[in-house]
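Heads up, the thing below is written out as structure tokens.
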There are 2 protein chains.
Amino acid sequence: MAWILDDSRPIYLQIEDLIKTKIISGVYQPGQKLPSVRDLAAEAAVNPNTMQKALTELERSGLVYTQRTSGRFITEDTAKMTELKEQIAREQLQLFLKNMEQLGLSRDDIRRLLETAWKEES
Amino acid sequence: MAWILDDSRPIYLQIEDLIKTKIISGVYQPGQKLPSVRDLAAEAAVNPNTMQKALTELERSGLVYTQRTSGRFITEDTAKMTELKEQIAREQLQLFLKNMEQLGLSRDDIRRLLETAWKEES
DNA sequence: ATTATTGTACTACTTGATTGATACAATAAT
DNA sequence: ATTATTGTATCAATCAAGTAGTACAATAAT
């Protein structure tokens, strides 16, 4: 794992994003055991509490779960994982649409913007 | 003006958004003079410095400008205003697309999500 | 010239977030 | 039974953001 951290945002949030991406993209497989808090912390050169916080946040989202003294694992509930992804997507979408509406853009404007952006990027 | 503020986000950001919306939606017309910092602050039941901060931020974006001792005015440069709107829109769009990509959604997925959301909402 | 009104600068206080050091608790491994 | 490893709780230190109080500076209005 890369552990490229900057000071633009809280470290624990950056870590959370990094791990979340690994999970969603399948680098971490369902059921897989994560390294211990201390090991992860050492690997990322970060205080164990900071790593702990990132993991706790991840847990709130349901992507990982804990077994008290044996460690943390990626959830095996792939259905839940999918549902979670969709929920996040919907939320992001709503936020986006709200912002666009506030700027006074119509649906056609948005469609046009999207296609233009995609055309430019390849 | 409503001045409905909560404590979920910094007050000055909420104020900034409120005013920005009024400007973009045309409630505040180009060239129009804004009430003084103190008056706005009183109206919003907020410390003058807080209002000042919101207005300074708005100024950074170019939506308002200051004449040292006569007050603040909405910019008359409607072209600039339009350009600004488009820039904000593009930024929002890029952010949105990045998030969607991180979730592993394809372009078709995004198109589908959009149309679905719009269909549902009316 | 004087006064009132404008934006601004400066400083301090408060609060919350972030990070860190350390100790605890539970249990798997031996 | 003992030990090592796991996550967790607690407390403190630090830091930055936000807000507020007050005084200053410039100039339009009189």
Side-chain angles (χ1 to χ4, degrees), chain A residues 1 3-20 22-23 28-76, chain B residues 1 3-20 22-23 28-76:
Chain A
M1 168 130 359
W3 301 127
I4 299 174
L5 307 172
D6 57 66
D7 56 352
S8 67
R9 294 186 307 148
I11 296 177
Y12 80 95
L13 283 182
Q14 298 182 55
I15 291 177
E16 189 186 346
D17 280 351
L18 285 174
I19 299 180
K20 188 186 286 176
K22 298 287 181 187
I23 295 176
Y28 282 166
Q29 288 293 316
Q32 179 176 345
K33 182 174 188 298
L34 283 172
S36 76
V37 176
R38 290 171 178 76
D39 285 352
L40 282 172
E43 191 182 324
V46 148
N47 187 284
N49 277 322
T50 305
M51 183 59 69
Q52 164 82 11
K53 183 154 190 177
L55 292 171
T56 303
E57 291 295 313
L58 271 176
E59 209 156 331
R60 284 199 318 118
S61 74
L63 284 179
V64 305
Y65 66 95
T66 300
Q67 265 171 354
R68 188 66 172 80
T69 58
S70 53
R72 276 200 179 77
F73 303 85
I74 310 298
T75 182
E76 291 126 15
Chain B
M1 166 128 3
W3 301 127
I4 300 174
L5 306 172
D6 57 65
D7 56 354
S8 66
R9 293 186 307 147
I11 297 176
Y12 79 95
L13 283 182
Q14 297 182 57
I15 292 177
E16 190 187 344
D17 280 351
L18 285 174
I19 299 180
K20 188 186 285 177
K22 298 287 180 186
I23 296 176
Y28 283 166
Q29 288 294 315
Q32 180 176 345
K33 183 176 187 300
L34 285 171
S36 76
V37 176
R38 289 169 179 77
D39 285 353
L40 283 171
E43 192 182 323
V46 147
N47 185 284
N49 277 320
T50 304
M51 183 58 70
Q52 164 83 11
K53 183 155 189 176
L55 293 171
T56 303
E57 292 295 314
L58 272 176
E59 210 157 330
R60 282 201 320 118
S61 74
L63 283 179
V64 305
Y65 66 95
T66 300
Q67 265 170 354
R68 190 65 171 81
T69 59
S70 52
R72 275 199 179 76
F73 303 85
I74 310 297
T75 182
E76 292 127 15

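In this text, all values refer to a predicted model and were calculated from it rather than measured experimentally. A note on names: the letters A, B, ... follow the listed sequences, proteins ahead of strands, and every chain is numbered from 1.
Atom pair A/M51:CE and C/dT18:P shows a separation of 16 Å (rounding to whole Å applied). Nucleotide C/dA25 holds its C1' atom 17 Å from the CD atom of A/Q67, rounded to whole Å. For the pair B/K53 NZ and C/dC10 C1', the computed distance is 14 Å after rounding to whole Å. The separation between A/R38 atom CZ and D/dT6 atom P is 7 Å, rounded to whole Å. Protein atom CZ of B/R68 is 10 Å distant from nucleotide atom P of D/dA25, rounded to whole Å. At whole-Å resolution of the value, CD in B/Q52 and P in C/dC10 are 13 Å apart. With rounding to whole Å, A/E57 atom CD is found 13 Å from D/dT8 atom P. Remark: P of C/dC13 and CG of B/N47 are 16 Å apart, rounded to the nearest angstrom.
Between B/L34 and B/L55, some side-chain heavy-atom pair lies under the 4.5 Å cut-off. A/K20 has its side chain within reach of A/L58: a pair of non-hydrogen atoms, C-beta onward, lies under 4.5 Å apart. Counting heavy atoms from C-beta outward, B/R72 and B/E59 have side chains that approach closer than 4.5 Å. Side-chain atoms of B/I15 and B/L40, non-hydrogen and from C-beta on, never get closer than 4.5 Å to each other.
Taking side-chain N and O atoms only, A/T66 has no distance below 4.0 Å to OP1 or OP2 of D/dG7. Applying the 4.0 Å criterion to OP1 and OP2 of D/dT19, one finds that B/Y12 has every side-chain N and O outside that range. Side-chain N/O atoms of B/T50 include none lying less than 4.0 angstrom from OP1 or OP2 on D/dG18. For the OP1/OP2 pair of D/dT5 and a distance below 4.0 Å, the side-chain nitrogens and oxygens of A/R72 include no atom meeting the criterion. At the phosphate of D/dA28, neither OP1 nor OP2 sits under 4.0 Å from any side-chain N or O atom of B/S70.
Rounding to the nearest 0.5 angstrom, the gap separating the CG atom in A/L63 from the CD atom in A/E57 is 12.0 Å.
In this model, a side-chain donor or acceptor of B/N49 finds a partner on the base of D/dG21 within 3.5 Å.
With pairs defined as Watson-Crick or G-U wobble and both atom distances under 3.5 Å, the stems of at least three pairs that touch DNA chain D come out as C:1-30 with D:1-30.
Mapped onto DNA chain C by nearest heavy atom, A/P10 and A/P48 fall at different nucleotides, with A/P10 at the one closer to the 5' end.
Judged by distance alone, the side chain of B/Q14 and the main-chain N or O of B/D6 form a donor-acceptor pair under 3.5 Å.
Using a 4.0 Å heavy-atom cutoff across all strands shown, A/I11 reaches sugar-phosphate atoms only and no base atom.
With sequence neighbours left out, B/D39 forms a salt bridge (Lys or Arg N to Asp or Glu O under 4.0 Å) with no residue at all.
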